[in-house]
Amino acid sequence: MRTRIVAGNWKMNTLPSEGVVLAKEINQYFKSKDKDAKIIICPPYTHLYEIANQIDQDNVELGAQNCSYEKSGAYTGEISADMLKNLGVKWVIIGHSERRSYYNESDEILFEKVQRVFESELNPIFCCGEVLEQRNNKNHFKVVKTQLENVVFKLNESELKKMIIAYEPVWAIGTGITASPGQAQEMHAFIRKTIAEKFGNNIAESIPLLYGGSCKPNNAKELFGQDDVDGGLIGGASLKANDFIEIVKA
Ligand code: PGA
């Protein structure tokens, strides 16, 4: 059985004081409950220190949304993986489509970032996914495979065991249009097969594959019910404690 995981990507939302309240609500709700899923929240950098002190990470784990591809030094405005580690962060989202498109993060940069994440003994949540035009042109499998080849294929087996891969079709992110359970399953099965061809079945069968893109309380159960969908990376719906809790329950 693979670990079930629901991760919340808060993006650039909530003030620090609001974020602490949200994190505490989620932490409090799951504190005394048996749950089948690992829960991760990824608030903005400015919130991490306080939230790390306010939640129990055996219950809700803490992630960041990005990090620098440099280790340290004269890089004004950047945040290093070591800094995140020192705060108690466990996970870092790498390769989100918003970083790829708005900040021109290439596969080469993303590979460097993943290296820094592992060097700091953190774990990456690596995102991949196609834009609508690529799907319409029937290039979506090829696009996702290239994204995997340029980053994930360059890692070793022990690194693969520490990561999560999130499939996030760009056309579904923040649009209210969700991939159908069949579309999600088809791509997740493809990703697992691609990983199996390179690293073998054992690794492929153990790696958690999350779906992301307009995942909500009303569609989470059906998406998570697919064989190769091991949970979700949740944007908008992770900003309301009740919605996020409902998705975790699904
Ligand atoms: P969304 O975002 O759930 O708001 O579509 C998902 C994501 O970008 O990770």
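Atoms within a ligand are numbered from 1 in the order they appear, just like the ligands themselves. Below, all heavy atoms of this structure are taken into account, side chains as well, without hydrogens, waters or symmetry copies. These figures come from a predicted structure and were not determined experimentally. Sequence positions, counted from 1, serve as the residue numbers for this chain.
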Give the atoms of ligand 1, by number and element, whose distance to some non-hydrogen atom of [X] is under 4.0 Å.
X: Ala172; value: 5 (O)
X: Glu168; value: 6 (C), 7 (C), 8 (O), 9 (O)
X: Gly174; value: 1 (P), 4 (O), 5 (O)
X: Lys11; value: 2 (O), 7 (C), 8 (O)
X: Ile173; value: 2 (O), 5 (O), 8 (O)
X: Gly213; value: 5 (O)
X: Gly236; value: 1 (P), 3 (O), 4 (O)
X: His96; value: 7 (C), 8 (O), 9 (O)

Heavy-atom pair with the smallest gap, counting every atom of Trp10 and Pro44: CE3-CD, 4.0 Å

Donor + acceptor pair across side chains of Asp82, Ser80 (<3.5 Å):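 Result is no, nothing qualifies.
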
Side-chain donor-acceptor contact under 3.5 Å, Glu168 with His96: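 Glu168 vs His96: donor-acceptor pair found between side chains.
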
Sub-4.0 Å heavy-atom approach of Ser214 to ligand 1: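 Contact check Ser214 vs ligand 1: positive.
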
By side-chain hydrogen bond (donor to acceptor under 3.5 Å, both in side chains) - contacts of Thr178 (at least two apart):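 With neighbours one apart ignored, the set is Asn219.
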
Salt bridge present between Asp228 and Lys193 (N-O < 4.0 angstrom): no

Lys35, Lys38, Lys31, Gln28 screened by side chain to side chain donor-acceptor pair (under 3.5 Å) with Asn59, the one that passes: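 With Asn59 as partner, Lys35, Lys38, Lys31, Gln28 yield a single side chain to side chain donor-acceptor pair (under 3.5 Å), made by Lys35.
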
Nearest-contact summary for atom 3 (O) of ligand 1 - protein heavy atom, Å: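 Checked against all protein heavy atoms, atom 3 (O) of ligand 1 sits closest to Gly235 N, 2.9 Å.
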
Cation-pi, Phe141 ring and Lys145 (6.0 angstrom, 45 degrees): no

